[in-house]
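One structure below.
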Amino acid sequence: MFTKESLYINAIKYDTQLKLDYKKLNNGEIADAYNSVFLVSDDILAHDIAHKLNASQEETPVSFISTLLISDTTKLIPKKSSSKIKDCEIAHFNEDYDIAVLKTTLFETKHYFEKTGIDYIYSAFHILNLHLEQNICKNQLLIFLFNNKAFILILNDSASIVFSKTIDLPTFETVKKTHFYDDDVVGQKLFDEIYYLELSEIIHNNLNEFYEKESNTFIEKVTILYTLKQLTQEQINQLSEDLLLEIDYHPINIDEEIFELSKDKHQKQSFVKPRAKEKKNNLNTLYILVFFAIVFFGVYKLFINIETKKEEVVKTVQEVKKSIVLPDHVNKNDKVQKRIEAVFEAIPYDVVLKELTMDGDILQFKGTFLNDDTYIKSLEPELRKLYDTIEVKIEDETKKNILDVVVTAQDTIELENPVYKKHTEKYIIDEFLPISRVTEQIKILMPENSIVKFKSSQNNEVTKFNYSVNILVKSPKEFFDLIDNVNNELYSINISYPIKMIRVEDDIEIDFMLTFNQPQ
């Protein structure tokens, strides 16, 4: 299967991440290997990630992209019954079983990689089967922990599969939503305990379920395969004592496993067939091309002048496009962020902020002063470094000590010796993105449950799509982290005023404007 030069890309999607593992081969030997990780949050591959994958495929035409099912609903079906299964895609598993996946589930994974294409799609059960090929497993419960699921196989004394099941595992996000959650440290400890208890119960329940149906097989060992270590050795020892069974807690390299599955003898296990690849040094193809080149040479000569003019027009358009300078979104966003940070630093700790609005040269915020002299002693001197004009209005002057006030400041003063970041990479300008694609890209960048609304567009040399965005965060730091994520984009996307922050119970609601810039 290997050509002189080939590239294997494992693209494994986790809950909020996409991990890409590259292996470049020369004459069947690994010549280079590297990987990268991206934050993802949508049901289709982000354009910038797809662009990078497609660039790699163009550089090495014999490229193969492999993945695991995003939602693994697979089931093992005895071969004699697999032909009767409807609404499922069937693939080979082993000599006794085929493996079935719902066509809707398979479509979800294929759709995710629609922009790049996909060559091999496997199930987590295929990882387990690979382990069985490499290890003798008899009278064993084998469990693979991956992507918040437990994939379970039980094998009898002849190493044949007699039981299979998939069960959901608890996630850290579910723990964060409980009233027991306090902070990340406490939450992690709580999650570790819940995870251990759930896993222990899963093993107990499945052993009991198996023994109710099967009395001729006695389980002697439990093997747990994992990609991310979640259990301590103390927990493994405790689990072994509870079950009165030997426990083997064994790490596996998911990238190496997928790479192994993509080789010749495992290709037929994939739910899809690999895409046709460009053949290099194919003499038959070369002869055909030469033949047609000779036949149509005369026709080509007739139209050469027309084609030359077309090329000149295209070249002129490309040169004009390249000469257009897009707004430096990193620089613009950094100026906004540093101004907000400076305002927060100017507000003393004994002022409780309720609402803050920044609109160009104007700042207004509402808050409660816990001391009546806070403004004179602390707030005003700091704000004077940022704004020329400051006005304070007390909402209820009859109150003592604790005062509700509205502070308005305007006419900004430049920050002292600011050093603003700059965008240093090339923007992606290969194609003009319509509003629907841009909106999709913006939503990917924003937190879950954000509201993104298209407001207007401006067309000149640079087309600007303007959006209003509403998000909920726990702290201003989350907003600054969002700005960092936007800065990492290879598109010119800048945040702009007005920016409004309102305290809503335990959250901060933030409204801001956002502009997507691209050549017309």
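These values consider heavy atoms only, across backbone and side chains, with no hydrogens, waters or symmetry-generated copies.
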Exercise. Residues two or more places apart in sequence or in another chain: which of them pass side-chain contact (heavy atoms from CB on, under 4.5 Å) with Val336?
Worked result: Ile340, Tyr497, Ile499
For this session: Mark yes or no: Lys23 above the aromatic ring of Tyr8, with NZ or CZ under 6.0 Å from the six-membered ring centre and no more than 45 degrees from the axis.
Result: no
For this session: Check the surroundings of atom CG in Asp506: do more than 12 heavy atoms from other residues, nucleotides or ligands lie under 6.0 Å from it?
Result: no
Problem set entry | Lys/Arg N to Asp/Glu carboxylate O, Asp359 vs Lys500, below 4.0 Å | no
Exercise. Is the backbone N or O of Val62 less than 3.5 Å from a side-chain atom of Thr60, with the two atoms forming a donor-acceptor pair by type?
Worked result: no
For this session: Kindly determine whether Tyr97 and His92 satisfy side-chain hydrogen bond (donor to acceptor under 3.5 Å, both in side chains), including the steps that lead there.
Result: CA-CA 7 Å; Tyr97 290 92; His92 173 76; over 6 Å; no
Seminar exercise, completed: Smallest heavy-atom separation, Leu53 atom then Leu45 atom, equals CD1-CD2, 3.7 Å
May I have the list of side-chain donor-acceptor pairs in residues 448-456 shorter than 3.5 Å, sequence neighbours left out?
{"residue": "Ser450", "atom": "OG", "partner": "Pro447", "partner atom": "O", "Å": "2.6"}
{"residue": "Ser456", "atom": "OG", "partner": "Asn466", "partner atom": "ND2", "Å": "3.1"}

Exercise. Do Gln235 and Gln230 have side-chain N/O donor and acceptor atoms under 3.5 Å apart?
Worked result: no
Exercise. When you check the side-chain N and O atoms of Asn494 and Asn517, is any donor under 3.5 Å from an acceptor?
Worked result: yes
Problem set entry | Validation row, ring centre Tyr120 to ring centre Phe271 under 6.0 Å | no
For this session: For the pair Glu509 and Arg503, find out whether any cationic side-chain nitrogen is under 4.0 Å from an anionic carboxylate oxygen.
Result: no
Exercise. Is the shortest heavy-atom distance from the side chain of Gln238 to the side chain of Tyr196 under 4.5 Å?
Worked result: yes
Problem set entry | Residue among Val37, Leu39, Val40, Ile12 satisfying side-chain contact (heavy atoms from CB on, under 4.5 Å) with Leu18 | Val40
Problem set entry | Contact check, side chains of Arg275 and Phe64, non-hydrogen atoms, under 4.5 Å | no
Seminar exercise, completed: Contacts of His111 meeting ring-ring contact (aromatic ring centres under 6.0 Å, His included) (sequence neighbours excluded), chain-then-number -> Phe107
Exercise. Is Glu59 paired with Lys24 through a side-chain N to carboxylate O contact shorter than 4.0 Å?
Worked result: yes
For this session: Output yes when a side-chain donor or acceptor of Asn147 lies under 3.5 Å from a complementary backbone atom of Lys13, and no otherwise.
Result: yes
Exercise. Can you list the residues that meet the side-chain contact (heavy atoms from CB on, under 4.5 Å) rule with Asn237, with sequence neighbours excluded?
Worked result: Gln233
Problem set entry | side-chain contact (heavy atoms from CB on, under 4.5 Å), paired with Ser71, selected from Thr105, Leu106, Thr109 | Thr105
For this session: Using atom types as modelled and distance alone, determine if a side-chain donor or acceptor of Asp98 lies under 3.5 Å from a backbone N or O of Ser82.
Result: no
For this session: Go through the steps for Lys338 and Asp334 under the test salt bridge (charged side-chain N to carboxylate O under 4.0 Å, His left out), then give the verdict.
Result: CA-CA 6 Å; Lys338 282 185 168 56; Asp334 199 38; 2.8 Å; yes
Exercise. With Ile143, which of Leu199, Ile167, Leu128 fulfils side-chain contact (heavy atoms from CB on, under 4.5 Å)?
Worked result: Leu199
Problem set entry | Check: Ser164 side chain, Leu153 main-chain N or O, donor-acceptor pair, under 3.5 Å | no
For this session: List for me each residue that meets ring-ring contact (aromatic ring centres under 6.0 Å, His included) alongside Phe38, sequence neighbours excluded, and say none if there are none.
Result: none
For this session: Side-chain contact test, heavy atoms from C-beta onward, threshold under 4.5 Å: evaluate it for Leu231 versus Tyr226 and give yes or no.
Result: no
For this session: Taking only Lys NZ, Arg NE, NH1 and NH2, and the carboxylate oxygens of Asp or Glu, determine whether Lys332 and Asp328 approach each other closer than 4.0 Å.
Result: no
For this session: Could you pull out all residues at least two apart from Asn459 that satisfy side-chain contact (heavy atoms from CB on, under 4.5 Å)?
Result: Ser457, Thr463, Gln520
For this session: Taking the side chain as every heavy atom from C-beta outward, state whether Tyr427 and Gln518 have any atom pair closer than 4.5 Å.
Result: no
For this session: If the plane angle is over 60° it's perpendicular, under 30° parallel, otherwise tilted; pick one for His126 and Phe93.
Result: tilted
Exercise. Salt bridge or not for Lys477 and Asp481, using N-O below 4.0 Å?
Worked result: yes
For this session: Begin from the C-alpha positions of Ile471 and Val469 and carry the test side-chain contact (heavy atoms from CB on, under 4.5 Å) through to its verdict.
Result: CA-CA 7 Å; Ile471 64 173; Val469 181; 3.8 Å; yes
Problem set entry | salt bridge (charged side-chain N to carboxylate O under 4.0 Å, His left out) between Asp507 and Lys474, intermediate numbers included | CA-CA 5 Å; Asp507 297 320; Lys474 292 294 183 183; 2.8 Å; yes
Problem set entry | Flag side-chain contact, heavy atom, 4.5 Å: Leu141 against Thr223 | no
For this session: For the pair His131 and His250, name the ring-plane relationship: parallel under 30°, tilted 30 to 60°, perpendicular over 60°.
Result: tilted
Exercise. Does Lys149 come within less than 4.0 Å of Asp168, counting only side-chain N to carboxylate O?
Worked result: yes
For this session: Check the pair Asn470, Ile510 against side-chain contact (heavy atoms from CB on, under 4.5 Å), reporting the backbone distance first and the verdict last.
Result: CA-CA 6 Å; Asn470 174 278; Ile510 304 179; over 6 Å; no
Exercise. Salt bridge check: are Lys115 and Glu440 linked by an N-O gap of less than 4.0 Å?
Worked result: yes
Exercise. Could Lys103 and Asp87 be called an ion pair, given the rule that one side-chain N must be under 4.0 Å from one carboxylate O?
Worked result: no
Exercise. Have Tyr122 and Thr67 got a donor and an acceptor in their side chains that come within less than 3.5 Å?
Worked result: no
Exercise. Any side-chain heavy-atom pair from Gln364 and Met358 closer than 4.5 angstrom?
Worked result: no
